[in-house]
Amino acid sequence: MTLPAILGGTPLRPTGPPDWPGADPEIWEVFDRAYREGWWGKYQAGESERLQAWLREYHSVEHVFLCGSGNYAVELALRSLNIGPGDEVILSDYDYPGNFLSIHAVGATPVLVDIEARHWQLSLDSVQAAIGPATKAIVASHLHGGRVPMRELMTLARERGPRVIEDAAQATGAEIDGRRAGTWGDVGVLSFGGSKLLSAGRGGALLTSDAAIAQQTRNHLLRAGNIVCPLTELQAALVLPQARNLDARNAQRWANVRAFCTEIADVPGVRPFVDADESPMPAFYKLGIQFDVSAFGLSRAKLIAALRAEGFAIDEGFPAAHVARSPKRYRQGSALTEADRAHAGCVQLHHPILLEPPEAMRDLAEAWRRIYAHRDALHRAVQ
Ligand SMILES: *Cc1c(COP(=O)(O)O)cnc(C)c1O
């Protein structure tokens, strides 16, 4: 079989991963309009209101607050739920690292729990076991194309008391049991960061249908009538055309992921977070892949180096929080067996390739096959 690029073969994608954000005439139109109409540097131009209205309608929620980042939206959500010193917040040991830090930022204690074995998302059994008298909230993040079963989580949370912050920064537009990601929790969070599915360079949003939480959010977000950590009018205007295209682009990404799931099925030790026959539609900021080193026969670091040499934007996943952080800074709420596996074996594909024509996914599967066929040579050759 053809040599992998890292061993001297020709790369499958010699031009490398596609740029993000990509060229988009609708974005140029926003810049043109902002300049011509002169509102690019103004406090108010109606763009934030338009984006808020669109997001409210799309998500069927009562309140949408725009802010400077997804990270800030998570912190704002914690504050709006009155979480502070002495309180505990449950989150997955395998999560976006900023969420652990946001819990600390409000003075609360993170409680780390495991992920379930098939999709590596928050384990509800572990959440159930970890809830204690000081537990005030649960952070549920949908990661790498996976989805936390929100209906079941909300039932559990309603029975046991904690509020739920649903982090949909990686899953904007995904459907879960007939609702959009970010609308199941008491509070939902979106990100418009420069690599996200809706990019404004920076930015975030908080969603809620709870009037009391919305009032608290307003109190924390506004100082003397001014937004403390705002999204600008230009950023809001840039998100809007992308938001209108979100469902169509998510459908295109999902078609590509499905094709990849089928193509990769016969390669040992490689299992995408999702199955090709899942429904309804997931969303992919990253496509997570469960990589089993012993079944594939090559270390994760070498695999990633070889895939990158072929021209794919592939990285390790997050470090597990309990490995990265001092035990003084959290309580362990459950065994962390699967989180340890994810720490060592999660591989993620960045989303821009998912809008490419179908050959891109065939190339990606071909890259894995080439690397697998040459795994012994790679094991010996690559440092
Ligand atoms: C990116 C991300 C965030 C933070 O968003 P920023 O806008 O970059 O601050 C939060 N949670 C998850 C799961 C993310 O992927």
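We number each residue from 1, following the sequence as shown. The figures here come from the full heavy-atom set of this structure, side chains too, leaving out hydrogens, waters and symmetry mates. As the structure lists them, so they are numbered: ligands from 1, and atoms in each ligand from 1.
Environment of CZ in R223: sparse, with no more than 12 heavy atoms of neighbouring residues, nucleotides or ligands closer than 6.0 Å.
Outside the 6.0 Å centre-distance limit, the rings of H119 and F273 are not counted as a close aromatic pair. A distance below 6.0 Å separates the ring centres of F284 and W254.
Side chain of E310 to main chain of L12: a donor-acceptor pair is present (N/O by atom type, distance under 3.5 Å, no hydrogens or angles). The backbone N or O of K286 sits nowhere less than 3.5 Å from a side-chain atom of H144 that would complete a donor-acceptor pair.
Under the 6.0 Å distance and 45° angle rule, R375 counts as a cation-pi partner of Y372.
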Mind listing the N or O contacts between ligand 1 and protein, cut-off under 3.5 Å?
from	atom 1	to	atom 2	distance (Å)
ligand 1	5 (O)	S191	OG	3.3
ligand 1	7 (O)	G70	N	2.7
ligand 1	7 (O)	S191	OG	2.7
ligand 1	9 (O)	G70	N	3.3
ligand 1	9 (O)	N71	N	2.8
ligand 1	9 (O)	N71	ND2	3.2
ligand 1	11 (N)	D167	OD1	3.4
ligand 1	11 (N)	D167	OD2	2.6
ligand 1	15 (O)	Q170	NE2	3.0
ligand 1	15 (O)	K196	NZ	3.0

